Every structure is written in C-alpha cells, then in structure tokens.
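Because only heavy atoms are used, hydrogens play no part in the values below, and waters and symmetry mates are left out as well, while side chains stay in. Protein chains get the first letters and strands the later ones, always in sequence-line order, with residue 1 at the start of each. Fair warning: this is a prediction, and the values are worked out from it, not measured in the lab.
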There are 2 protein chains.
Amino acid sequence: MSRKKQIEQTATALFKSKGFSATSMRDLANALGIEAASIYSHIKSKEEILQRVCFRMADEFFEAIDAAEATGGTATERLQHAITAHVQVLTNNTEASAVFLHEWRHLSEPYHSQFLSLRDTYEARFRGIIKTGIKNEEFMVPDEKFAALTILSGLNWIHTWYKPEGKMTPAEIADNLSLMLLMGLKTKTDTTLPKSHLTTP
Amino acid sequence: MSRKKQIEQTATALFKSKGFSATSMRDLANALGIEAASIYSHIKSKEEILQRVCFRMADEFFEAIDAAEATGGTATERLQHAITAHVQVLTNNTEASAVFLHEWRHLSEPYHSQFLSLRDTYEARFRGIIKTGIKNEEFMVPDEKFAALTILSGLNWIHTWYKPEGKMTPAEIADNLSLMLLMGLKTKTDTTLPKSHLTTP
DNA sequence: CAAATTTGCTAACGGTTGTTAGGCTTGCTA
DNA sequence: TAGCAAGCCTAACAACCGTTAGCAAATTTG
C-alpha cells in the first residue's frame with residue numbers, strides 16, 4: 001500500500017474518533033511514527049485528506065445503489081436491495097463512513113456545496129423508490145421525504161456499533177433492517193394501529 | 001434571562017453549526033458582541049458550556065421518558081409514549097439536541113464516561129420496553145438492542161431538518177414516526193415478507 | 001552503478017488557541 | 001452618598017496550529 005493511502009487511513013481513524021478539527025497534524029504524525037512536516041511530502045493539505053475520504057465514499061454509495069437498482073423488481077424489492085447495498089458500503093469501511101457522515105461540514109467551498117448536492121441526489125434515489133411504492137400501493141406512508149430520511153438515519157447509525165467480528169454479518173444486518181423498516185416491530189396478526197393525532201385516515 | 005444563559009445559548013448555536021472544536025472563544029465573543037476575555041466573568045471554561053448543555057439535555061430526556069413510562073399500558077403504547085416524549089424533547093430545543101447528540105465526545109474525563117453511562121441507561125429504557133413487547137408477542141423483532149438503536153437513530157435525525165415553522169407539528173412527527181417504526185412501510189394487506197438470508201423463520 | 005524518486009528530518013514562520021491579571025465603568029443597594 | 005457587584009475592557013501569556021523551506025538519507029528505477 002502506498003504511503004499516501006496509509007496516511008489517509010490513519011487519518012480516517014483519527015477523524016472518526018476525535019473529529020477532524022480536534023485532530024492535529026501532529027496527532028496524525030505521531031500515529032504514523034513520523035514528524036508532522038513529513039506528511040506534506042505526500043499530501044497538499046489537511047483538508048485534502050477529508051476531501052478524498054468524503055468523495056470516495058460518495059462514489060462508493062452511488063456505485064452500490066446503481067448496482068442495486070439495476071436489478072429492477074417491485075418497489076419493495078428495490079428498496080430492500082438499496083438498503084442492503086447501503087449497509088454493505090457502511091460495514092465495508094466503518095471508519096470512512098463515520099467521517100463521511102459526520103465530518104463533511106468541515107469541507108471548505110466549493111467542496112462543501114458539492115458534497116451536499118451529492119448527498120441530496122443520493123437521498124432522492126431513496127425517495128424515488130418510496131414514491132413508486134406509494135403509487136403502487138405497496139407502501140403506506142405519510143410522506144416519502146420523511147420516510148426516506150428516517151430509513152437512512154436508521155441505517156447510518158450502524159457505524160457506531162458495528163464490529164466485523166460481531167455475531168451479525170453485514171447481510172444479516174441488512175436483512176434485519178429491511179424487515180424492521182418495511183414491516184415494523186408489530187406482529188402481523190395484531191392489526192391495532194397506534195392511536196394518532198393525524199387527521200388523514 | 002441571565003447573561004450566563006445567553007452565553008450558553010449563543011454557544012449552543014455555534015457548536016451546532018460549526019462544532020465544538022471549530023468554535024473558538026473569539027467566535028463566541030464576536031457573536032455576543034463582546035471580547036473573548038469578557039466571557040470568563042461568567043463561565044469557568046469553554047468545556048463548562050459543553051458540559052452544561054450535554055447534562056441538561058440528558059436530564060430532560062430522562063424526565064420525559066419517566067413521565068411517558070409512568071402512564072403504563074401495553075408495550076406498544078409505552079413505546080409510542082416514549083417515542084413521543086423523545087421527539088418532544090428533540091423538537092423543543094433542536095440546537096441543544098444537536099450538541100447533545102454530536103459534541104459529547106469532546107467532553108473530558110470524567111464527564112465523558114459519565115455521559116456514556118447515562119446514554120446507555122437511557123437506551124436500556126427503550127430496550128426494556130421492546131423486550132417486554134417481544135415477550136408479550138406484541139412485537140416481532142430479531143434483537144431488542146438492534147431494534148432500540150434503529151428506532152433511536154431514526155428519531156435522532158430530526159434535528160437536522162426540523163424547523164418549528166414547518167408544516168408538521170412535533171406531535172404529528174411523533175405520530176408519523178411511531179406509525180412507521182411500529183408498522184413499517186408496507187401496506188397491511190400485503191403480507192409478503194421480504195426474502196431473507198436469515199435462518200430463523 | 002548512476003539517476004531519480006520517495007520518504008523523512010530539523011528549524012522555523014505567522015497566526016490562532018484558551019485563559020489569566022488587573023483595571024475601568026455602570027447601575028443598584030444600604 | 002458611599003459601597004458593592006456585574007459586566008466588560010486591554011494586554012498579555014504560553015501553547016499549539018497548519019504549513020513551508022531546505023536538506024539528507026534511503027529506496028527504486030534506468
């Protein structure tokens with residue numbers, strides 16, 4: 001592995017645990033066993049590392065959902081595949097995922113805006129699937145934007161507890177999450193809906 | 001309002017938008033229209049502000065779930081009430097919630113450990129309700145820890161998009177979330193389960 | 001073996017950080 | 001009216017920040 005990749009990887013681990021701003025170049029250098037100034041033989045700036053991690057992860061998420069959606073099928077199946085794809089990317093690189101999810105706001109312009117735009121595009125893919133499912137009468141949900149955000153936020157917590165050596169494989173996590181988000185917690189036989197303040201029946 | 005509360009509130013807004021580490025005392029002073037050194041007439045340190053926000057929010061979450069669980073009822077009802085209580089606290093103070101959820105890791109010891117301990121206790125309350133629901137056969141879910149974390153993470157994304165002037169009231173948000181998390185996206189009539197890698201039937 | 005590239009070093013820069021010391025002004029209270 | 005407290009100021013501190021310059025050793029490549 002190239003030295004640059006090593007630096008990026010070590011930095012990612014530090015960014016995850018301490019945050020981007022609270023990680024100094026001297027911290028990073030110390031973790032690498034070299035001097036801070038030496039890092040600049042390999043990278044242009046501290047933010048360059050953050051940029052590379054954020055946009056590489058964005059690429060991975062898009063590639064994953066492209067592959068997942070290419071299979072077609074019902075909205076239910078497509079959503080399942082999208083969830084599985086998302087979980088796979090998250091579990092394949094938990095540290096970079098954490099940075100991607102939490103440290104992007106330290107990007108400077110124009111990267112900050114670019115990132116937000118990409119994120120919105122990605123969320124729109126989920127909204128699209130859910131919208132289709134609502135039209136199909138596969139799904140019953142008050143608002144597709146609301147649903148998409150809740151699903152994604154449910155998925156995006158994984159990196160805080162997932163350990164590769166844990167008892168659940170990424171595929172099982174994805175299945176459990178699909179099941180829970182699509183079917184809810186309630187047993188099928190129990191059809192009592194929670195009482196609601198909603199006016200729409 | 002006391003000057004100290006003002007400082008705390010202004011700091012909370014900055015901590016939310018820029019993060020704790022990236023917010024300097026001079027930034028905070030500038031937002032208040034005074035000099036950085038003047039702040040130390042009111043507080044002991046920068047971290048004291050973070051501590052106060054984090055532990056005050058923790059208190060609020062505990063008070064809310066205490067009140068919610070005191071009503072009793074089925075596991076379904078208790079979970080609904082807990083979700084509503086959680087959403088109420090989140091929406092009542094979105095900025096402090098964001099700090100509570102994302103900036104706690106910048107607490108120094110022993111506050112860091114204390115905070116994690118409180119958070120785990122709070123999560124255990126949700127796990128307890130879900131566990132009861134599984135025993136009651138109200139809920140059908142592979143793992144209560146998994147379910148609790150997914151629910152809480154679904155709730156904890158609210159602060160990123162919730163605006164008091166938005167079209168959904170906190171009560172409606174809580175209802176929609178309860179409905180979605182308890183019943184899932186799928187229409188009731190459609191009983192087809194997603195295909196699964198799980199061995200447990 | 002020679003050239004070129006990679007990798008690291010020391011020293012230092014200009015700027016920013018959280019925080020302290022000490023003093024001045026304002027407004028309330030005894 | 002004297003005294004006190006609240007609130008803010010300037011000046012400064014030691015430490016730390018990201019980064020650059022210039023150079024030396026090591027490793028790879030021709």
Side-chain angles (χ1 to χ4, degrees), chain A residues 1-55 95-96 99 102-112 115, chain B residues 1-55 95-96 99 102-112 115:
Chain A
M1 184 170 45
S2 81
R3 203 71 179 99
K4 182 160 184 174
K5 289 265 176 193
Q6 270 181 46
I7 291 171
E8 214 171 286
Q9 196 170 306
T10 308
T12 304
L14 288 174
F15 291 171
K16 173 177 180 175
S17 64
K18 307 180 52 173
F20 176 76
S21 305
T23 303
S24 73
M25 292 302 281
R26 285 165 177 86
D27 287 339
L28 174 55
N30 191 53
L32 288 161
I34 58 176
E35 292 298 314
S38 306
I39 300 174
Y40 289 85
S41 301
H42 306 278
I43 61 158
K44 231 187 64 185
S45 70
K46 183 187 177 187
E47 201 194 303
E48 188 202 333
I49 306 178
L50 183 62
Q51 288 161 12
R52 290 173 64 94
V53 174
C54 286
F55 288 99
E95 288 176 343
V99 173
H102 295 309
E103 308 300 329
W104 54 266
R105 60 176 165 167
H106 297 110
L107 290 169
S108 63
E109 293 296 348
Y111 303 101
H112 188 269
F115 183 90
Chain B
M1 183 171 44
S2 79
R3 202 73 179 98
K4 182 159 183 173
K5 288 266 177 194
Q6 270 181 47
I7 291 171
E8 213 172 287
Q9 195 169 307
T10 309
T12 304
L14 287 175
F15 291 171
K16 174 179 179 174
S17 66
K18 306 180 52 172
F20 176 76
S21 306
T23 304
S24 73
M25 292 303 282
R26 283 161 179 88
D27 288 339
L28 174 55
N30 192 54
L32 289 160
I34 58 176
E35 293 299 315
S38 306
I39 300 174
Y40 288 86
S41 302
H42 306 277
I43 60 158
K44 231 187 62 183
S45 70
K46 183 187 177 186
E47 200 195 304
E48 188 202 333
I49 306 177
L50 183 62
Q51 288 162 13
R52 291 173 64 94
V53 174
C54 286
F55 287 101
E95 288 175 344
V99 173
H102 294 309
E103 307 299 330
W104 55 266
R105 61 177 165 166
H106 297 110
L107 291 169
S108 63
E109 291 300 346
Y111 303 102
H112 188 269
F115 182 90

Rounded off to whole Å, could you give me the [atom1]-to-[atom2] distance for the [X] and [N] pair?
| X | N | atom1 | atom2 | answer |
| --- | --- | --- | --- | --- |
| I39(B) | dA6(D) | CD1 | P | 18 Å |
| F15(A) | dG18(D) | CZ | C1' | 12 Å |
| E48(B) | dT19(C) | CD | P | 10 Å |

Quiz item: Counting side-chain heavy atoms from CB outward, which of dG18(C), dG18(D), dG8(C) is closest to R3(A)?
Solution: dG8(C)

Quiz item: Contact class for T23(A) (heavy atom, under 4.0 Å): base, sugar-phosphate, or nothing?
Solution: sugar-phosphate

Quiz item: Considering residues at least two apart in sequence or located in another chain, which fulfil the salt bridge (Lys or Arg N to Asp or Glu O under 4.0 Å) criterion with E48(A)?
Solution: K4(A)

Quiz item: Who passes salt bridge (Lys or Arg N to Asp or Glu O under 4.0 Å) against R105(B), sequence neighbours left out?
Solution: E103(A)

All N/O donor-acceptor pairs, side-chain side in residues 32-43 of chain A, below 3.5 Å, sequence neighbours left out:
| from | atom 1 | to | atom 2 | distance (Å) |
| --- | --- | --- | --- | --- |
| S38(A) | OG | E35(A) | O | 3.4 |
| S41(A) | OG | S38(A) | O | 3.4 |

Self-check item: Test ring-ring contact (aromatic ring centres under 6.0 Å, His included) applied to F15(B) - qualifying residues, sequence neighbours left out
Solution: F20(B)

Exercise. Not counting sequence neighbours, which residues clear ring-ring contact (aromatic ring centres under 6.0 Å, His included) with F115(A)? List them please.
Key: F100(A), W104(A)

Exercise. Report yes or no: does Q51(B) contribute a side-chain atom to a donor-acceptor pair with the main-chain N or O of Y111(B) at less than 3.5 Å?
Key: no

Exercise. Residues of residues 28-35 of chain A with any non-hydrogen atom less than 4.0 angstrom from an atom of DNA chain D: list those, numerically ordered, please.
Key: none

Self-check item: Results of side-chain hydrogen bond (donor to acceptor under 3.5 Å, both in side chains) for Q6(B) - residues two or more places apart only
Solution: R3(B)

Self-check item: Sequence-distant partners of S24(A), side-chain hydrogen bond (donor to acceptor under 3.5 Å, both in side chains), two or more places apart
Solution: D27(A)

Quiz item: Is the shortest side-chain N/O distance from H42(A) to OP1 or OP2 of dT6(C) below 4.0 Å?
Solution: no

Quiz item: Along nucleotides 19-28 of chain D, 5' to 3', which nucleotides get a B, which get an S, and which get a -, given that the test is a protein heavy-atom distance under 4.0 Å?
Solution: BB--------

